[in-house]
Amino acid sequence: MEVQWFGVELPRLGPPHTAVGLIFSMLLGVWSVQGLEMFAGKIPFLQAVNGSTVLLPCTYASCIGIENLYFNWQFNDNGTMQKVCDSVIVSEGVEPDVAIYRERVEFVGKNRNNNVSILLWNITFEDGGEYICFGRNPKEKGRNHSTIFTLIVVDELRVVDNRLTIIIASAVGGAIAALMGFMLLKNFTIFVLSKIEEKNKECLVTSSGIDNTENGLSGSKADSKPTPKKK
Ligand SMILES: *[C@@H]1O[C@H](CO)[C@@H](O)[C@H](O)[C@H]1NC(C)=O
Ligand SMILES: *[C@@H]1O[C@H](CO)[C@@H](O)[C@H](O)[C@H]1NC(C)=O
Ligand SMILES: *[C@@H]1O[C@H](CO)[C@@H](O)[C@H](O)[C@H]1NC(C)=O
Ligand SMILES: *[C@@H]1O[C@H](CO)[C@@H](O)[C@H](O)[C@H]1NC(C)=O
Ligand SMILES: *[C@@H]1O[C@H](CO)[C@@H](O)[C@H](O)[C@H]1NC(C)=O
């Protein structure tokens, strides 16, 4: 697949795992590469509750065809790569014999429609992290291709400690908090202004009214704050 930008073929970007490559691949959906490509789907991450069973998607595409395509899945365990499974696909459409190196892993792609996805059964918090789907097509003189899929394992209620989720959560949470803060401030200002007006007429009602509002205010703040605070 080739990406064209106003009729100009885009140059091949750096390794897909670089930040730039990731950003561009997110922006463009695909990037121009000759030969083999590995895809982890449109959304290369997933949040799942511990104990559930998840599909780690990966497909490959090659415009020059494949022959003895070697592929594997690796898990980035705190910097060291752990092989999850690997195999060789002799040719297009042939179901590979996959060796599994990690427990609770099942190969479900069966190479149907170039699908080399795996299933992760009964995930635990230790299963969270980066999974790399790697492919090498001998037809291309052993060039390496890979894509990263991130699995985020969460507790039933709250998001657990994870860089990606924290970034997302703090960005989204920050925006929501800012918006809520703004709205609260606006409402509060209006409220205070109206109360100041009222105060001139009736003092008793005003004091009880303000007490209620202050409880309401701190209550809403406590609701919106815990996520950023936990960092
Ligand atoms: C998920 O983890 C929480 C906290 O460790 C535990 O209480 C809960 O039972 C787990 N859920 C499943 C489905 O394993
Ligand atoms: C890697 O593991 C060590 C010890 O298990 C820990 O101290 C360190 O913070 C970990 N690094 C990352 C990036 O998670
Ligand atoms: C996943 O958990 C279920 C229920 O606890 C169990 O029956 C099943 O054998 C487990 N599957 C694997 C692959 O461990
Ligand atoms: C790959 O195979 C799995 C299991 O059969 C399926 O759930 C998934 O949708 C397939 N992915 C693609 C892109 O065809
Ligand atoms: C491809 O990856 C393998 C390790 O899996 C490495 O030994 C080899 O040098 C890499 N080849 C290129 C062209 O980067």
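All ligand and atom numbering here is 1-based and tracks the order in the structure.
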What protein heavy atom sits nearest [atom], and how far off is it?
| atom | result |
| --- | --- |
| atom 9 (O) of ligand 1 | Glu156 OE2, 4.3 Å |
| atom 5 (O) of ligand 4 | Val108 O, 3.6 Å |
| atom 2 (O) of ligand 3 | Asn122 ND2, 2.2 Å |
| atom 11 (N) of ligand 4 | Asn115 ND2, 2.8 Å |

With the threshold set strictly below 4.0 angstrom, can you tell me whether any protein non-hydrogen atom sits that near atom 7 (O) of ligand 1?
no
Any heavy atom of Asn113 under 4.0 Å from ligand 4? The part involved is neither
Does any part of the side chain of Asn122, heavy atoms only, come nearer than 4.5 Å to the side chain of Asn50, both counted from C-beta?
no
Joint hydrophobic cluster, Leu56 plus Ile123, side-chain heavy atoms closer than 4.5 Å:
yes
Should the pair Phe75 and Tyr131 be assigned to parallel (<30°), tilted (30 to 60°) or perpendicular (>60°) ring geometry?
tilted
Salt bridge between Asp77 and Arg102, side-chain N to carboxylate O under 4.0 Å?
no
For ligand 3, which atoms, with element, lie under 4.0 Å from some heavy atom of Arg104?
14 (O)
Counting from 1 in the order shown, the ligand 1 atoms closer than 4.0 Å to a non-hydrogen atom of Phe125 are 2 (O), 5 (O)
So which heavy atom on Phe107 is nearest to which on Ser117, and how close?
CD1-O, 3.7 Å
Heavy-atom pairs closer than 4.0 Å: do any link ligand 1 to the side chain of Asp155, the backbone, both, or neither?
side chain
Under 4.0 Å from a heavy atom of Ser117: which atoms of ligand 4 are those, numbered in the order shown and with their elements?
1 (C)
Considering the heavy atoms of Thr59, write down every atom of ligand 4 situated less than 4.0 Å from one of them.
13 (C)
Does the pair Asn144 and Tyr70 meet the rule for a side-chain hydrogen bond (donor to acceptor under 3.5 Å, both in side chains), with working shown?
CA-CA 10 Å; Asn144 293 333; Tyr70 170 81; over 6 Å; no
Checking side-chain contact (heavy atoms from CB on, under 4.5 Å) between Phe149 and each of Val54, Leu55, Leu46, which is the one that passes?
Leu46
For atom 3 (C) of ligand 1, tell me which residue out of Asn50, Thr124, Val154 has the closest non-hydrogen atom.
Asn50
Arg136/Asp86 under salt bridge (Lys or Arg N to Asp or Glu O under 4.0 Å): CA gap, chis, key distance, verdict:
CA-CA 11 Å; Arg136 186 168 53 227; Asp86 71 348; over 6 Å; no
